[in-house]
Amino acid sequence: MYNATCPCFRDVVFRNSKEETIALAIKHTKIIRELTDEYSAKYGTRFKYEYSPETFSQTEPDFALEVCEAVKAAWGKAGTGDERIIFNLPATVEIAPPNHYADQVEYFCQHISEREKIAISLHPHNDRGQGMAAAELALLAGGDRVEGCLFGNGERTGNVDLVNLALNFYTQGVSPNLDFSDIQSVIEVVTACNELPIHPRHPYAGELVFTAFSGSHQDAIKKGFEAQRIRHAEAAKKGELQYWDIPYLPIDPADIGCTYEAVIRVNAQSGKAGIAYLVQQHLGLDLPRKMQVAFYQVVQDIADREAREMRPEDITTAFRETYHFGSSKYEGRLVLKSFKISSEPSPDTTGSDEQPADERRLFDGTISVDGALRVMRGDGNGPLSALLDALRTHLDIDFIIREYAEHSIGEGSNVKAASYVELVRGGQDIKDARKATESWWGVGVDSDIAGSGLRAVLSAVNSAIGDRELPELKLNVGFNAKSAQSDVANAILNSLQLELPRRLQGSFFEVVQRAARGTGGELSYSDLIKVFRETYNYEQPDPNAKIQLKKFKMKSVGDNGHKNFSGQFIWDGQPRDLTGQGNGSLSAILTVLNSQIDGTLSVREYAEHSIGEGSDVQAVSYVELAYNVEGQKRRTAWGIATDTDITASGLRAAVSAANKLGIVQKQ
């Protein structure tokens with residue numbers, strides 16, 4: 001129950017004297033007392049009584065006390081604990097600074113009689129925008145509880161915001177005994193009921209409250225997360241508490257059900273640290289500082305051009321497109337397909353008993369150049385310089401490395417290496433290279449540290465070369481001074497009648513390029529056919545074969561098409577009779593082979609066709625096998641075989657491929 005007690009309301013609204021105002025409060029308190037006693041006697045209901053001298057903050061302090069003392073006496077049932085009478089002291093209209101309200105509450109608490117039988121309830125409004133401060137100061141002055149609304153709803157400028165107030169206490173280590181761990185669900189209910197939106201910058205609840213656009217703020221937050229990660233790890237080892245202490249973030253957004261997704265957002269005002277933070281959060285890449293500066297300019301150009309905020313997906317897409325990072329969708333003109341790094345003694349040095357000779361690194365790999373596979377080789381004092389030497393030799397691309405950085409991504413068996421490379425133009429001395437103003441950054445990720453570095457180099461090269469024309473492959477295969485993959489495939493078709501599958505064409509084309517490397521790109525037509533026969537042991541014995549299939553039987557099992565294989569093998573010179581079953585003839589023989597080896601063989605591709613006519617017709621089978629051994633990189637190889645029986649040609653092609661994979665027998 002409440003009635004207004006300040007002079008303005010006494011004189012203007014009710015035209016009551018002080019005595020009449022007190023009498024009104026006493027009269028209705030007694031009415032309430034009679035009604036509650038009646039219901040308690042009939043139904044056992046327990047009542048608490050709250051009285052409010054409305055407009056308390058505009059009422060003379062001593063008169064507010066006088067009214068409340070009279071009400072307490074009229075109620076006559078104030079006790080301790082749950083029996084306390086509640087006096088609600090409202091700043092019905094906020095007309096003074098918050099410390100004035102707190103002083104009034106403190107005066108009331110110190111002068112009301114039987115304080116232990118009274119719960120002082122605070123009821124601030126927000127007309128001056130200081131309702132929050134008034135509530136906190138009045139609690140310090142002796143208030144026991146606060147009345148308010150979620151997100152500050154209410155008359156005029158609203159009541160004090162209970163969400164804001166509760167979370168203010170939470171940040172100071174005081175539990176508000178309210179659960180806002182999923183604040184978004186609270187927002188949804190309140191906005192649906194009130195049909196009033198939450199302001200984007202409303203404390204704790206607005207969509208921008210944990211967001212930093214400013215570059216200096218973003219830099220501080222990024223450094224804060226990095227330092228806290230280390231601090232928390234050390235505290236965890238010691239079994240100590242892990243305290244939250246991040247610049248510009250008074251509480252952990254996760255504590256109220258928010259994510260770190262919007263902690264840093266990017267517009268034209270943002271700095272490099274914020275952009276780098278988003279790249280780290282979404283791509284796992286901790287960019288070197290100079291690369292942060294380079295990519296910052298890319299993002300700023302987009303933000304200025306489009307005059308809008310850059311979302312995380314905009315930034316990650318810009319990063320992928322700029323550095324050709326990620327899936328095939330973002331590949332550049334040069335793509336690393338396969339490589340091998342080997343070493344050999346440097347010709348310029350000799351070793352001693354104390355100091356071994358320096359070694360050179362050799363890069364031997366396949367790179368897709370504008371969609372065409374090119375085999376390249378180079379050497380240098382490390383894998384990256386060897387690749388740069390290969391690019392210089394084969395594509396007339398000349399760059400040198402000015403800066404390199406690396407770190408790991410992930411943990412345990414899933415760990416990968418991330419490498420960052422800054423390139424500058426070649427043909428200049430070290431001093432000039434260090435001062436060069438034009439440079440290109442690249443990034444690469446791979447399970448192998450050498451692979452990540454090589455990919456980073458190509459990432460930077462792709463940015464540097466733009467759309468400039470690159471030298472074509474010059475390979476003379478009998479009839480064409482610039483032979484391509486299709487020319488080589490046509491030569492095999494014309495000579496041997498073999499219609500090579502496209503993937504086999506690509507694989508053999510790499511073999512041809514390597515074979516022609518030592519002859520200045522020259523390879524005769526007959527030499528090409530010889531290389532093919534020797535590579536795949538086509539129509540000639542394999543001198544290194546560990547496995548030979550002498551004869552076999554294949555029977556169908558049941559109605560589901562399963563095949564039962566039994567065959568006689570020569571394995572490392574020893575005869576073996578082996579059997580196995582599978583969904584078809586190839587899976588049946590693979591079951592047999594897999595039973596004898598470490599690791600697993602599987603079919604990656606199979607193709608077949610016939611050659612010849614009439615009684616001379618034969619089947620040709622092409623089988624590509626993959627060999628997987630735990631802890632080793634997967635290997636693949638092609639096998640080719642002909643036979644009058646299509647099943648036999650497929651089985652012999654599978655055995656031929658297996659012989660090229662270096663399979664290891666079970667011990």
Side-chain angles (χ1 to χ4, degrees), residues 46-48 50 52 81-82 84 86 88-91 98 102 105 119-126 129-155 157-212 221 224-225 228 232 235-236 239-264:
R46 296 177 61 192
F47 292 93
K48 288 185 180 181
E50 174 177 337
S52 173
D82 288 342
R84 290 182 297 171
I86 301 170
N88 175 34
L89 309 180
V105 171
I120 303 298
S121 184
L122 309 174
H123 192 115
H125 278 252
N126 202 39
Q130 297 176 311
M132 191 64 53
E136 292 188 358
L137 290 176
L139 283 168
L140 294 173
D144 297 310
R145 69 174 204 166
V146 182
E147 300 175 12
C149 293
L150 299 180
F151 306 118
N153 285 302
E155 290 279 8
T157 56
N159 295 69
V160 69
D161 178 359
L162 292 182
V163 179
N164 193 343
L165 183 65
L167 292 175
N168 278 1
F169 277 99
Y170 180 80
T171 65
Q172 303 307 304
V174 178
S175 173
N177 294 315
L178 293 172
D179 183 2
F180 292 119
S181 59
D182 183 10
I183 199 169
Q184 191 57 45
S185 66
V186 180
I187 293 171
E188 290 171 0
V189 171
V190 171
T191 54
C193 292
N194 292 338
E195 297 184 356
L196 292 173
I198 303 296
H199 193 280
R201 298 199 182 277
H202 192 104
Y204 302 106
E207 66 177 36
L208 297 178
V209 298
F210 296 119
T211 299
I221 292 171
F225 274 117
Q228 180 165 276
H232 280 187
E240 299 174 349
L241 292 175
Q242 298 176 21
Y243 291 100
W244 176 265
D245 187 17
I246 298 288
Y248 298 109
L249 296 177
I251 68 169
D252 185 350
D255 286 356
I256 56 175
C258 298
T259 67
Y260 302 123
E261 190 78 20
V263 167
I264 289 179

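Predicted model, so just to flag it, every value in this text is computed and none were measured.
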| message | Please evaluate residues Tyr170 and Asp255 with respect to the criterion side chain to side chain contact (heavy atoms under 4.5 Å, CB included), reporting the C-alpha separation (whole Å), side-chain torsions for both, the decisive distance (0.1 Å), and the verdict. | response | CA-CA 10 Å; Tyr170 180 80; Asp255 286 356; 3.0 Å; yes

| field | salt bridge (Lys or Arg N to Asp or Glu O under 4.0 Å) partners of Glu240, counting only residues at least two apart | value | none

| field | All side-chain hydrogen bond (donor to acceptor under 3.5 Å, both in side chains) counterparts of Asn126, not counting sequence neighbours | value | none

| request: State, with a plain yes or no, whether a side-chain heavy atom of Phe210 is found less than 4.5 Å away from one of Ile221. | output: no

| Any side-chain heavy atom of Leu162 within less than 4.5 Å of one from Phe151? | no

| query | Phe169: what forms a ring pair (Phe, Tyr, Trp, His ring centres under 6.0 Å) with it, not counting sequence neighbours? | reply | none

| message | Can you tell me how far apart CG (Leu178) and CG (Leu165) are? Round to the nearest 0.5 Å. | response | 9.0 Å

| request: With the side chain counted from C-beta on, respond yes when Val160 and His125 share a heavy-atom pair under 4.5 Å apart, and no when they do not. | output: no

| Atom CZ in Arg46, atom CG in Asp82: separation rounded to 0.5 Å? | 6.0 Å

| query | Just wondering, do Ile198 and Thr191 contact through their side chains at under 4.5 Å, heavy atoms? | reply | yes

| said: If the condition is side-chain hydrogen bond (donor to acceptor under 3.5 Å, both in side chains), which residues does Asp179 pass it with, not counting sequence neighbours? | reply: Ser181

| query | So, Glu147 and Asn159: side-chain donor and acceptor under 3.5 Å apart, yes or no? | reply | no

| Can you list the residues that meet the salt bridge (Lys or Arg N to Asp or Glu O under 4.0 Å) rule with Asp182, with sequence neighbours excluded? | none

| said: Just so I know, are the side chains of Pro124 and Leu122 near enough to count as touching, which here means a heavy-atom distance under 4.5 Å? | reply: yes

| remark: Taken to the nearest 0.5 Å, the spacing of Asn194 CG from Asn153 CG works out to 4.5 Å

| task | Give, for atom CG of Leu139 and atom CZ of Arg145, the distance between the pair rounded to the nearest 0.5 Å. | result | 12.0 Å

| query | Under a 4.5 Å cut-off applied to non-hydrogen side-chain atoms, are Gln228 and Tyr243 in contact? | reply | no

| Taking all non-hydrogen atoms of both residues, which atom of Ile86 and which atom of Ser121 are closest, and how far apart? | CG2-CB, 3.8 Å

| said: For Glu50, is there an ion pair with Arg84 - N to carboxylate O distance below 4.0 angstrom? | reply: no

| Side chains of Asp161 and Tyr204, donor plus acceptor under 3.5 Å | no

| For Ile187 against Ala205, the heavy-atom pair lying closest together | CD1-O, 3.4 Å

| said: Applying side-chain hydrogen bond (donor to acceptor under 3.5 Å, both in side chains), can you list everything that pairs with Arg201, at least two apart in sequence or on another chain? | reply: none

| Side-chain touch Glu136/Asn168, heavy atoms, less than 4.5 angstrom | yes

| Residue pair Trp244 / Leu249, side-chain heavy-atom distance below 4.5 Å | yes

| Does the Ser52 side chain pair with the main chain of Asn88, one donor and one acceptor, at a distance under 3.5 Å? | yes

| Between NE2 on residue His232 and CG on residue Leu241, distance to nearest 0.5 Å | 9.5 Å

